[in-house]
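Quick note: residue numbers are just sequence positions, from 1. Quick note: numbers below take in every heavy atom, side chains included, and nothing from hydrogens, waters or symmetry partners. These numbers were taken from a predicted model, which means no experiment stands behind them.
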Amino acid sequence: MSKPDYQATNLPLWDFLTILASEGVDFLLSGEEDKVPLSSFDYEKTTICLFFSANWCRPCQSFTPKLVQLYNMLRTMGKELEIVFISLDHNEDGFNAHFETMPWLTVPFDVNLHKKLRERFHVVRIPSLVPLNLDGQSVEEDLIGLIEDFGEDAFPFTKKRREELKAIDDSKRQGGKIDQLLARPRRDYVVTSDGGKVLVSKLIGKTVGLYFGAHWCPPCRAFTAQLVEAYNQLLSSRVDCFEVVLVSSDRDQKEFDVNISGMPWLALPFEDRTRQDLCRIFNIKAIPALVLIGPDGKPISTNGKNIITLYGAKAFPFTQSSIEEIEESLRKEGDSLPRQIQDIKHQHVLKLDMAKAYVCNYCERQGKFWAFSCDACDYDLHPTCVEEAS
């Protein structure tokens, strides 16, 4: 096989071609089992990536559909991209089953050849995507993570591109424009629970809570009830000042529909990639989570869940100063209460205590913050329910 002289500028591509030549391979296979000569590639214009994967590998099974979607989209956009499958399957049946899900090319199945390629490109885990760049640019090492984070925007998979994307994320997070966070080209709206659409521009000037949650998550369902209570209180007392947008982590459209049906607020469409983008932009690692965006479009807090859980609607507009005012009011309330009391309804002395939430054993209503509690047994009394012994 005659090879272009790329050794001086591109060792990965040179090594790939050399290893294939050493095994007498001068072609790749397409899904129709057609032989595609290696000499037919325009190596100067095409970004070529080696995809190390296996049918037995669960992470590979999960990532491959994402890569197929990215590949098809980039090709539709006219990007010069080719992917070459390098199988780490144990037998040809596994190779065939895996390759039939892929729209790109493959190296013919040969365990020894695949082992040489794996060792040369230092593949220690799969899936692994190795770009054979020609232009001398520094290539992003964690290409799988880059694609999972940014999708087709990750192309052409260089470290420079990752830095550009990080800068865009920083700009969206701190830029003060809610439409840049929530809208995308060809979608300038969010959706309601009944399938309606609300323009993102209608949220400008409001305090907005980005609610990261899912129906399958029990803690999310518990927090949703608290958020609904605070949301309805604010709607009734402060008309049109606060809105919530669900950023769903549901597993499918049906689950999403069930989730949003019990919510009085808005949501990003389930099929929209902006859901994943916002998780990345605000570094969401667990749900439920609530990010609060101020009327100026800039983040107030990424710990909105804790604020709502502790203080509910009274914390609005959720700024540091409003939280400090609440805490000062609570401190004064506590200072005005006795340190301990003897209530006629309980045999033990009750001591003043601070609790995030409790149920009063007398009126059976939920309470927050100050309570009179028994050290000897599980008994709590709301301060307004106290009847001191004379």
Check this for me: does any side-chain nitrogen of one of R331 and E324 sit under 4.0 Å from a carboxylate oxygen of the other?
no

Polar side-chain atom of T309 near backbone of N306 as donor-acceptor pair, under 3.5 Å
no

Could you measure the distance from the CD atom of E255 to the CD1 atom of I260? Nearest 0.5 Å is fine.
13.0 Å

Please walk me through it: do T224 and Y211 pass side-chain hydrogen bond (donor to acceptor under 3.5 Å, both in side chains)?
CA-CA 9 Å; T224 295; Y211 177 29; 2.7 Å; yes

Is the shortest side-chain N to carboxylate O distance from E164 to R161 below 4.0 Å?
yes

Heavy-atom pair with the smallest gap, counting every atom of L268 and L182
CD2-O, 3.6 Å

Which of these passes side-chain contact (heavy atoms from CB on, under 4.5 Å) with L105: V36, I48, L29, D34?
V36

Show your reasoning for whether side chain to side chain contact (heavy atoms under 4.5 Å, CB included) applies to T101 and T64.
CA-CA 8 Å; T101 67; T64 299; 4.0 Å; yes

I'd like to know whether E243 forms a salt bridge (charged side-chain N to carboxylate O under 4.0 Å, His left out) with K202, so could you lay out the CA-CA distance, the side-chain angles of the two residues, the decisive distance to 0.1 Å, and finally the verdict.
CA-CA 10 Å; E243 191 52 81; K202 296 290 187 182; over 6 Å; no

Is the count of non-hydrogen atoms from other residues, nucleotides or ligands lying under 6.0 Å from D378 atom CG greater than 12?
no

State whether the number of non-hydrogen atoms from other residues, nucleotides or ligands found under 6.0 Å of K177 atom NZ is greater than 12.
no

Under the side chain to side chain contact (heavy atoms under 4.5 Å, CB included) rule, what do K345 and E387 come out as? Steps first, then yes or no, please.
CA-CA 7 Å; K345 299 183 289 297; E387 297 177 272; 3.0 Å; yes

Can a donor-acceptor pair be found between the side chains of Q253 and D257 at a distance below 3.5 Å?
yes

Using ring centroids (six-membered ring only for Trp), state whether F95 and F85 fall under 6.0 Å.
yes

Identify whether the distance between the nearest side-chain nitrogen and carboxylate oxygen of D335 and K332 falls below 4.0 Å.
no

Assigning hydrophobic clusters by single linkage (Ile, Leu, Val, Met, Phe, Trp, Tyr; side-chain heavy-atom cutoff under 4.5 Å), is F242 placed with V208?
no

Should S301 and N303 be marked as a side-chain hydrogen bond (donor to acceptor under 3.5 Å, both in side chains) after you check the CA-CA gap, both sets of side-chain angles, and the distance that decides it?
CA-CA 5 Å; S301 174; N303 196 23; 5.6 Å; no

Ion pair D149/R280, N-O distance below 4.0 Å
no

Look only at the side chain of R339 and the backbone of L352, and say whether a donor-acceptor pair between them is shorter than 3.5 Å.
no

Side-chain donor-acceptor pair under 3.5 Å between N55 and Q61, yes or no?
yes

For I83 versus W104, what's the shortest heavy-atom pair and its separation?
O-CB, 3.2 Å

Strictly by modelled atom types, are S87 and D89 linked by a side-chain donor-acceptor pair under 3.5 Å?
yes

More than 12 foreign heavy atoms under 6.0 Å from CD of E364: is that the case here?
no

Inter-residue atom distance L210.CG - L292.CG, 0.5 Å rounding:
8.5 Å

Stepwise side chain to side chain contact (heavy atoms under 4.5 Å, CB included) test for K206 and C241
CA-CA 5 Å; K206 294 184 180 183; C241 65; over 6 Å; no

With the side chain counted from C-beta on, respond yes when H215 and C220 share a heavy-atom pair under 4.5 Å apart, and no when they do not.
no

Min side-chain heavy-atom separation S322-F316 under 4.5 Å:
no

Minimum heavy-atom separation for S53 and H98, please, with both atom names.
OG-NE2, 2.7 Å

We want to know whether R118 and S128 form a side-chain donor-acceptor pair, criterion being a heavy-atom distance below 3.5 angstrom.
no

Between E152 and K79 (salt bridge meaning N to carboxylate O under 4.0 Å), is one present in this structure?
no

Aromatic centroids of Y311 and F318 separated by under 6.0 Å
no

For residues F109 and H114, establish whether the separation of their ring centroids is below 6.0 Å.
yes

Spell out, yes or no, whether Y231 and L234 are grouped together once hydrophobic residues are joined by side-chain heavy atoms under 4.5 Å, including indirect joins.
yes

Presence of salt bridge, D277 and R184, under 4.0 angstrom:
yes

Go through the steps to decide whether F121 and L132 satisfy the test side chain to side chain contact (heavy atoms under 4.5 Å, CB included), and finish with yes or no.
CA-CA 10 Å; F121 292 103; L132 306 179; 3.9 Å; yes

